[in-house]
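Remarks on the structure that follows.
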Amino acid sequence: MKTIMNYKKEKLYLPLLSIPFTLLLTCCTPNNPTPTPLPPPVCNTSNTDFQQIYSNLLATANHVNINSFDTEIHEYTFTLSANKALCSVGYQSQAAISTVPYKIELLDASNNILYSGNHTFSPTMTSYVSIAPINLTAGQSYTIRRTMLLSNAGGLFSNIIGRLVRNTSGTISFPTTSGIMTITGSKFYQNGGPLINAGVPYIDLAFQ
């Protein structure tokens, strides 16, 4: 025989049992909308650390901005003080070969090729090519290299020169730093040279 107390408890539970199960799920499920993905980091080619290094060298006595050094390879070695991703490379072509691609390579300290691509550039200004981001590690040494074979340049040494800053009274004093970037040396060689630390080729690097 049910007591009055038990009867009242059962009457209280019945309304809860009559609530649809789907409604209970709706009430109890947290609202977790899909998060909006963050935009990719900007690859800023304005006022890069390389541009600052180049400008600082030009502001130093006896340093000039010229097109010179008729070797097939122009390169410089650099380090970074923070981890960064290389996302764009800037260069300026010689006018007579503006439709001929330059080979652009990035190498690590063991000469492993981290990037290699053939690109054309504007003959009137520094223009940029975007590349899939390449993660670079702080404190590690890297080399950025541009190659223009004499055979691809009409056989004319005047077509394989490039824009660079040089010291008219001697070699460049390395290392030279701006921001997180330090250039530690340069080399101009192949079918001429080698010229060691004779200048800094204008190969701009932009990072994320």
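These numbers come from the heavy atoms of this one structure, side chains and all, not from hydrogens, waters or symmetry mates.
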Please, which pairs that meet salt bridge (Lys or Arg N to Asp or Glu O under 4.0 Å) have at least one residue in residues 105-128, sequence neighbours excluded? Glu105-Arg145

Considering only heavy atoms from C-beta outward, does the side chain of Ile183 approach that of Val200 to under 4.5 Å? yes

Expected output: side-chain Ser186 to main-chain Gly199 donor-acceptor under 3.5 Å: yes

Partner residues of Asn191 under the side chain to side chain donor-acceptor pair (under 3.5 Å) criterion, sequence neighbours left out: Glu72

Please name the pair of heavy atoms, one in Leu136 and one in Leu86, separated by the smallest distance, quoted to 0.1 Å. CD1-CB, 4.2 Å

Using atom types as modelled and distance alone, determine if a side-chain donor or acceptor of Asn67 lies under 3.5 Å from a backbone N or O of Arg163. yes

Verdict with reasoning, Leu57 to Thr176, per side-chain contact (heavy atoms from CB on, under 4.5 Å): CA-CA 8 Å; Leu57 286 172; Thr176 179; 4.3 Å; yes

Output every pair passing side chain to side chain donor-acceptor pair (under 3.5 Å) with a member in residues 146-155, not counting sequence neighbours, ordered by first then second residue. Tyr91-Arg146

What heavy-atom pair brings Gly193 and Thr71 nearest, and what distance separates the two atoms? N-CG2, 3.9 Å

Pair Val89-His119, side-chain contact (heavy atoms from CB on, under 4.5 Å): steps then yes or no: CA-CA 10 Å; Val89 178; His119 305 287; over 6 Å; no

Hydrophobic cluster identity match, Leu107 and Ile134, side-chain contacts under 4.5 Å: no

Taking the side chain as everything from C-beta on, heavy atoms only, tell me whether Gln94 gets closer than 4.5 Å to Ile161. yes

Polar side-chain atom of Tyr115 near backbone of Ile104 as donor-acceptor pair, under 3.5 Å: no

Cluster question for you: counting only ILVMFWY and a side-chain heavy-atom cut-off of under 4.5 Å, with indirect links fine, are Ile144 and Val129 together? yes

For residues 176-195, the ring-ring contact (aromatic ring centres under 6.0 Å, His included) pairs (sequence neighbours left out) are Phe69-Phe188, His74-Phe188

Compare every heavy atom of Asn135 with every heavy atom of Ala85, then report the nearest pair and how far apart it is. CB-OD1, 3.6 Å

Minimum-distance pair of heavy atoms, taken over all atoms of Pro201 and Leu164: CA-CB, 3.9 Å

So, Asp204 and Thr48: side-chain donor and acceptor under 3.5 Å apart, yes or no? yes

Quick check: is Phe174 connected to Tyr142 through a chain of hydrophobic side chains (ILVMFWY, heavy atoms under 4.5 Å apart)? yes

Any luck finding a side-chain donor-acceptor pair between Thr143 and Thr77 under 3.5 Å? yes

Kindly indicate whether the side chain of Met148, heavy atoms from C-beta on, has any atom under 4.5 Å from the side chain of Tyr102. yes

So, taking the atom named NE2 in His63 and the one named CG in Leu58, what distance separates them when rounded to the nearest 0.5 Å? 8.5 Å

Sub-6.0 Å ring centroid separation between Tyr202 and Phe50: yes

Please enumerate all residues that pass side chain to side chain donor-acceptor pair (under 3.5 Å) together with Tyr76, with sequence neighbours excluded. none

Roughly how far, to the nearest 0.5 Å, is the CG atom of Leu205 from the OG atom of Ser88? 9.0 Å

Are the side chains of Ser116 and Lys103 in touch, meaning some heavy atoms are under 4.5 Å apart? yes

Got a donor-acceptor contact below 3.5 angstrom from the Ser110 side chain to the Asn112 backbone? no

Quick one: do Ile73 and Ile97 end up in the same hydrophobic cluster if we chain Ile, Leu, Val, Met, Phe, Trp and Tyr together by side-chain heavy atoms under 4.5 Å apart? no

Linked, directly or transitively: Val100 and Phe121 (ILVMFWY side chains, under 4.5 Å): yes

Thr124: what forms a side chain to side chain donor-acceptor pair (under 3.5 Å) with it, not counting sequence neighbours? Ser122

Test side-chain contact (heavy atoms from CB on, under 4.5 Å) on Thr79 and Gln140; report intermediate values, then the result. CA-CA 6 Å; Thr79 62; Gln140 299 298 309; over 6 Å; no

Are side-chain heavy atoms of Lys84 and Ile180 found at a separation under 4.5 Å? yes

Contact between Pro133 and Gln208 at the side-chain level, heavy atoms closer than 4.5 Å - yes or no? yes

Evaluation steps, side-chain contact (heavy atoms from CB on, under 4.5 Å), between Ile53 and Met181: CA-CA 8 Å; Ile53 290 173; Met181 185 178 190; 4.1 Å; yes

Does some side-chain heavy atom of Gln190 sit less than 4.5 Å from a side-chain heavy atom of Leu149? yes

When rounded to the nearest 0.5 Å, the distance separating CG of Asn159 from CG of Asp70 is 10.5 Å

Run through Thr184, Thr182, Asp49 and flag the one making a side-chain hydrogen bond (donor to acceptor under 3.5 Å, both in side chains) with Thr177. Thr182

Ile66 and Ser68 have their tightest heavy-atom pair at CD1-CB, 3.5 Å

Can you name the closest pair of heavy atoms from Asn83 and Ala138 and give their distance? OD1-N, 2.8 Å

